[in-house]
Amino acid sequence: MPELPEVEVLRRHLEGAIRDKVVRKVEVRRARSLRPTSVGTFVRTVAGSKFTGLSRRGKYLLFSLQVTATKKPLPLLGHLGMSGRMYLLPKRAPLPKHAAVILDLGKHQFIFEDTRYFGRLTLDTSPIARLGPEPLENARVPTDFDEGLSRSKQSIKMKLLDQTLVAGLGNIYASEALFRAKLSPRLPASQLKPEQIARLWKSIRQVLTEAVSCGSTVPLNFSGTGKRDGLFYFGRLPEAPDFYEERLQVYDRAGKPCLRCGTTIQRLVQGNRSTYFCPGCQKQ
DNA sequence: CACCATGTTCCTTG
DNA sequence: CCAAGGAACATGGT
C-alpha cells in the first residue's frame, strides 16, 4: 500500500502505538525482507531495544530505536514495497501467511507482512541519502526538481517516478498530479516551461496533501483482521461506496469519462507501467 | 494460460 | 561517468 500518503498515514497510526515499547523478541521468517542485513545481525541488534519515534522520508519509514544498554540510537529503515503492511496484532492471534518479521512488544506483536516480499525492514539506511526533496516540506520548487527535469529527455511521467527529483510519488499519484496540473504524461521533461514546472509542483503537493488528509479521516484497518485491507485508495467504506471513485480522478479509470470534461480517460504504457490521463484536459 | 498490480534495483547498451 | 530501457524480484487476482 505504498506511496507517500499511505506511508504517512501509517506513520501517524503506528507512532503512538509503538512508542516506548521494548522489543522482547525478534522472529524473522523471511531473510530476504532484511536485505542487505543478515538475520543474525538483525536479531542481535534489534532484540532488547526500545522504540522512541517514527518518521518518514519519501516512501520510507524510519523507526528510531534505542539500544537499552548503551542508550545509543538505532535507526531501522522500513519500506512497504508493493504489498507490505505493518501493524500490531494481539499476541496469540494467528499469523498471516506472509508474515516476514515479527517483533514481540509484550501485549502485542509488531507484524511486517509482505505478500510479494518487495519491501524491507533493515538496518541499512543508505537509500535515504539518494532521495530527492520532500514535496510536503517544500512550498517552493526545489532546485533538484527543476534541474532534474531540465536535463532529461524522458517523459515527465517517468521522471516523477524517479525518487531523486521528488520523493514519495508512485504510479497512482504521478498520474493524478499530472492530471491536476493539466500536463500530458508524454511531455519530455526538458520541455516544461517554468510556469508549467511551478504548476506541477503545486499540483503534486495538493494531490498528496489531500490524500493524506483523506486517509487520516478514514477508519483504517491496519490490523489486517477485518474485511477491508487498509489499502485506502481502493478501500470502499460501506457508508460511502463512491468514496474511491471520487478520490482518484484518472488512475485506473480507462474508458470512463473524465470527471472534469467528459472525455474518455485513456491508459498508456510508459516504462512498462500504466499511465492514465485525460486527452481532453492534458493536451500539453 | 494470459495479463495485470501502489516499487526498487541491477544489468546492459549507447 | 551518465541516461535510458528492460528484466528481475514474488505472489495473487481476474
Side-chain angles (χ1 to χ4, degrees), chain A residues 1-11 29-37 56-61 77-86 96-100 112-122 124-132 144 147-178 186 188-190 204 207-208 210-212 214-215 218 220 222 224 227-236 244 247-255 267-276:
Chain A
M1 62 160 200
E3 287 185 42
L4 185 152
E6 294 73 38
V7 178
E8 174 59 21
V9 170
L10 172 60
R11 186 195 70 74
R29 304 193 143 202
R30 275 280 176 150
R32 172 183 157 79
S33 299
L34 309 180
R35 66 196 184 286
T37 305
R56 177 193 58 74
R57 182 77 171 82
K59 303 173 195 174
Y60 289 90
L61 283 170
L77 189 69
H79 195 291
L80 299 171
M82 290 279 260
S83 55
R85 302 163 65 190
M86 294 180 183
K97 182 177 180 185
H98 297 291
F112 172 32
E113 176 188 359
D114 191 1
T115 307
R116 292 169 72 179
Y117 303 105
F118 289 173
R120 60 175 101 178
L121 187 62
T122 177
D124 172 30
T125 59
S126 64
I128 293 289
R130 289 169 239 144
L131 294 177
D144 285 354
E147 292 182 352
L149 293 180
S150 70
R151 46 185 163 68
S152 174
K153 290 174 172 173
Q154 254 188 327
S155 70
I156 181 60
K157 160 66 169 13
M158 296 285 287
K159 295 312 283 184
L160 290 183
L161 296 181
D162 178 341
Q163 302 296 302
T164 67
L165 299 202
V166 53
L169 278 183
N171 208 38
I172 292 177
Y173 295 109
S175 280
E176 294 295 317
L178 286 167
R186 295 193 246 233
S190 58
I204 289 169
V207 161
L208 296 179
E210 280 175 21
V212 170
C214 190
V218 170
L220 292 186
F222 284 115
K227 283 182 185 151
R228 286 205 328 281
D229 56 7
L231 311 187
F232 69 79
Y233 22 47
F234 295 135
R236 294 175 189 216
Y244 150 78
R247 237 171 66 50
L248 299 179
Q249 304 280 301
V250 287
Y251 185 80
D252 204 26
R253 297 197 65 240
R267 169 185 182 267
L268 70 106
V269 175
Q270 295 177 295
N272 270 325
R273 312 200 66 189
S274 296
T275 300
Y276 298 87

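Order of the sequence lines sets the chain letters (A, B, ...), proteins ahead of strands, with each chain counted from 1.
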Contact under 4.0 Å: Ser274(A) side-chain N or O vs dA5(B) OP1/OP2: yes
Those residues that, when tested against Arg29(A), pass salt bridge (Lys or Arg N to Asp or Glu O under 4.0 Å) (two or more places apart): Glu27(A)
Heavy-atom protein contacts under 4.0 Å, nucleotides 9-14 of chain B, coded B base, S sugar-phosphate only, - none: S-----
Set of side chain to side chain contact (heavy atoms under 4.5 Å, CB included) partners for Ala254(A), sequence neighbours left out: Arg267(A), Tyr276(A)
N/O (side chain, His79(A)) to phosphate O (OP1/OP2, dG7(B)) under 4.0 Å: no
Between dA5(B) (C1') and Leu80(A) (CG): distance, integer Å: 15 Å
Between dA10(C) and dC11(B) - P atom distance, rounded Å: 15 Å
Note, Leu178(A) side chain near Lys157(A) side chain (heavy atom, < 4.5 Å): yes
CG on Leu80(A) to CD on Glu113(A), rounded to 0.5 Å: 11.0 Å
Contacting residues from residues 149-164 of chain A, given that a heavy atom lies under 4.0 angstrom of DNA chain B: Gln163(A)
Test side chain to side chain contact (heavy atoms under 4.5 Å, CB included) applied to Thr125(A) - qualifying residues, sequence neighbours left out: Leu62(A), Pro75(A), Leu77(A)
Spatial distance of atom OH (Tyr117(A)) from atom CZ (Arg35(A)) [nearest 0.5 Å]: 12.0 Å
Under 3.5 Å, which protein N or O atoms sit close to an N or O of nucleotides 10-13 of chain C? Give each pair with its distance.
residue, atom, partner, partner atom, Å
dA10(C), O4', Arg116(A), O, 3.2
dA10(C), N1, Arg116(A), NE, 3.2
dA10(C), N1, Arg116(A), NH2, 2.5
dA10(C), N3, Arg116(A), NE, 3.1
dT11(C), OP1, Arg30(A), NH2, 2.8
dT11(C), O3', His98(A), NE2, 3.1
dG12(C), OP1, Lys97(A), NZ, 3.0
dG12(C), OP1, His98(A), NE2, 2.7

pair Arg186(A)-Leu268(A): side-chain heavy atoms closer than 4.5 Å: yes
Test side chain to side chain contact (heavy atoms under 4.5 Å, CB included) applied to Glu210(A) - qualifying residues, sequence neighbours left out: Arg180(A)
Nucleotide pairing, DNA chain B (Watson-Crick or G-U, distances under 3.5 Å), in dot-bracket with [ ] and |: .||||.||||||||
Partners meeting side chain to side chain contact (heavy atoms under 4.5 Å, CB included) with Gln154(A) (sequence neighbours left out): Ser152(A), Met158(A), Lys159(A)
Between P of dC9(C) and CG of Asn272(A), the distance in whole Å: 15 Å
Contacts of Tyr60(A) that satisfy side-chain hydrogen bond (donor to acceptor under 3.5 Å, both in side chains) - sequence neighbours left out: none
Euclidean distance for C1', dA4(C) against dA5(B) (whole angstrom): 24 Å
Separation of dG5(C) P from Arg273(A) CZ (nearest whole Å): 15 Å
Derivation and outcome, side chain to side chain contact (heavy atoms under 4.5 Å, CB included), residues Gln163(A) and Arg130(A): CA-CA 8 Å; Gln163(A) 302 296 302; Arg130(A) 289 169 239 144; over 6 Å; no
Arg35(A) side-chain N/O to dC9(C) phosphate OP1/OP2 under 4.0 Å: no
Rounded distance in Å - CG (Leu131(A)) to C1' (dG7(B)): 13 Å
All side-chain hydrogen bond (donor to acceptor under 3.5 Å, both in side chains) counterparts of Thr164(A), not counting sequence neighbours: Asp162(A)
Gap between atoms CD and C1', on Gln270(A) and dA4(C) respectively (whole Å): 14 Å
Note, Glu8(A) side chain near Leu208(A) side chain (heavy atom, < 4.5 Å): no
With Arg30(A) via salt bridge (Lys or Arg N to Asp or Glu O under 4.0 Å) - residues at least two apart: none
Ile172(A) CD1 - dC4(B) P separation (whole Å): 17 Å
